[in-house]
Amino acid sequence: MRMYEIILKKRDGHSLSREEIDFFVRGYVKGEIPDYQISALMMAIYFRKMNKTETADLTRSMVNSGRVMDLSAIRGITVDKHSTGGVGDKTSLILGPLVAAAGVPVAKMSGRGLGHTGGTIDKLESFPGFSVEMTPERFISNVNEHGIAIGGQTVDLVPADKKLYALRDVTATVDDLSLIASSIMSKKIAGGADAIVLDVKTGSGAFMKDLESSFGLAREMVDIGTSTGKRTVAVVTDMDQPLGLAVGNILEVKEAIMTLRDQGPADLRELCLCLGSQMLVLGEKAHDLQQARGMLVEKMSSGKALSKFREFIESQGGDPSFVDDPSKFPYPEIVKELRSPQSGHVSSIMAEEVGRAALLLGAGRETRESGIDLRVGITISRKVGDHVKAGDPLAILYAPSEEKWKEAADLLLSAYHFSSVKATSPALIRGIVTADSEIRY
Ligand code: URA
């Protein structure tokens, strides 16, 4: 087999066989096929597309390029959850302990991420002493003992995706549905869970800006999961404005604690109940979504979800006293309100700009090597549909200096749009995609 022939075949619009896909994935990981040939192939795929079989074959080849987690020693049905990413998305921090409290074992591999804020692990490392470093044996025993463990994604998990994603990033070939779906799903499948719940974001702050491509990505990913024997459900959810009120690592941890106490913002609570219910049904802890929701609400209101979070933080070396008293978390130098320059109804808050303002404050990484400031970020005081008078607070910015505060405040202000009539806030849940159905709301 020659790489040249594979590029030519895809360039001319033909489908690649499983053997051809295996050949280029293996050859690339081993360093036998150069970047320039894989770049040409990615561009050919971008224009000519891959069918469902090719997409599933690519996913399988990528999974097989590295280690696959063996979670068979975990008692019960493990259900993983993945979000395609958005501004203020801290659902994993809440869902983990929430569904674990309801009896679904959570064995999650998570990342640090290059985003507007850190990833789940960065956020959890806000707790002094918390660590994701542990042997596979300890990971499994933690899940069996506490119902939940979160580990760092090891380098040997899907090495093909690491190389391919880095190449796609610099060759303008990231935004192809099959390539995105196979990239995400290969990591989920290698993570070893029995079932997967996907939160596919749609809107200005999401990877997929429009509803059609969000449903398209949801369908691709559900079909891949199903073809590998994993029950997979995708929920398409709004990312036209930030989720909840907090954007920034410690701020998001505090909001997660409030939500686990059942005192969180309504949209964040609702999303956690929706995704968590799907997880309980896939994990066979509830017969249907309604029963699952009732169980989750009880775990929040009774304090059991919060106790599970405390137990989890302690089990991974973190100081649990911060769960009981979040005011112990450090604050940055400047904590100051941004006030509205005008009266009116908030008609939109561009999530992307809010994220960029948080990044500017230091909440996220610009490059893999850069550090992040866990203390900084934004809490939003007014969301879409709210009325403000001139001078009312729009948000509080947590900044490392006056200069950064000013720069981020200007950017944040440009994210807000006002109108003279009351705007309706965008629907949070846009639809649900399963192996054999698609519901749009
Ligand atoms: N996230 C991923 O993990 N892979 C992609 O290709 C795009 C987003």
Side-chain angles (χ1 to χ4, degrees), residues 21 24-25 28-29 35 38-39 41-47 49-50 54-63 65-66 68-69 80-87 89 91-92 108-122 152-191 193 196-210 213-225 228 230 232 234 236-237 239 351-352 355 364-365 367-368:
I21 290 173
F24 86 72
V25 171
Y28 190 44
V29 172
D35 281 353
I38 298 294
S39 306
L41 179 64
M42 291 296 119
M43 193 56 89
I45 289 173
Y46 181 88
F47 282 111
K49 305 297 165 206
M50 288 196 300
E54 290 174 289
T55 308
D57 286 342
L58 175 59
T59 311
R60 221 173 276 120
S61 288
M62 294 212 291
V63 171
S65 71
V68 177
M69 294 292 290
D80 200 357
K81 170 257 168 192
H82 177 81
S83 159
T84 57
V87 180
D89 188 1
T91 49
S92 288
K108 195 167 172 54
M109 293 286 135
S110 220
R112 290 177 197 280
L114 265 180
H116 299 119
T117 65
T120 299
I121 292 181
D122 297 298
Q153 246 162 33
T154 54
V155 278
D156 51 357
L157 216 68
V158 202
D161 181 63
K162 290 197 180 65
K163 279 194 90 170
L164 280 174
Y165 192 75
L167 189 72
R168 285 165 55 215
D169 209 20
V170 292
T171 54
T173 52
V174 166
D175 45 351
D176 171 80
L177 282 192
S178 296
L179 293 176
I180 297 172
S182 54
S183 163
I184 294 175
M185 289 305 287
S186 62
K187 288 172 281 200
K188 292 289 108 185
I189 293 164
I196 301 164
V197 173
L198 300 161
D199 179 5
V200 179
K201 303 285 188 195
T202 189
S204 70
F207 208 55
M208 294 288 150
K209 309 280 181 214
D210 67 276
S213 46
S214 306
F215 273 97
L217 180 62
R219 169 53 61 206
E220 286 278 347
M221 293 200 290
V222 168
D223 287 350
I224 293 172
T228 58
K230 298 202 187 272
T232 308
V236 178
T237 73
M239 192 28 75
E352 176 99 57
R365 290 185 182 83
T367 68
R368 267 179 214 292

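One-based numbering, in listed order, for ligands and for the atoms of each. None of these values were measured; they are calculated from a predicted model.
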Closest approach of any protein heavy atom to atom 1 (N) of ligand 1, naming residue and atom | Ile184 CG1, 3.9 Å
Protein heavy atom at shortest distance from atom 4 (N) of ligand 1 = Ser183 OG, 2.6 Å
Could you tell me whether Asp161 and ligand 1 have an N or O pair separated by under 3.5 Å?
-> no
Which atom names give the shortest non-hydrogen contact between Ser182 and Met62, and what distance separates them?
-> O-CE, 3.4 Å
Side-chain (Lys162) to main-chain (Leu157) donor-acceptor, under 3.5 angstrom = yes
Hey, is the main chain of Ile196 close enough, under 3.5 Å, to the side chain of Lys188 for a donor-acceptor pair?
-> no
Under the 3.5 angstrom rule, does the side chain of Lys108 hit a backbone N or O of Lys81 as a donor-acceptor pair?
-> yes
Could you tell me the residue and atom name of the protein heavy atom closest to atom 3 (O) of ligand 1, and the distance to it rounded to 0.1 Å?
-> Lys187 NZ, 2.5 Å
Tyr165-ligand 1 polar pair, N/O distance under 3.5 Å = no
Which of the atoms of ligand 1 are close to Phe207, meaning less than 4.0 Å from one of its heavy atoms?
-> 7 (C), 8 (C)
Answer yes or no: is there a donor N or O on one side and an acceptor on the other, between the side chain of Asp223 and the main chain of Glu220, under 3.5 Å?
-> no
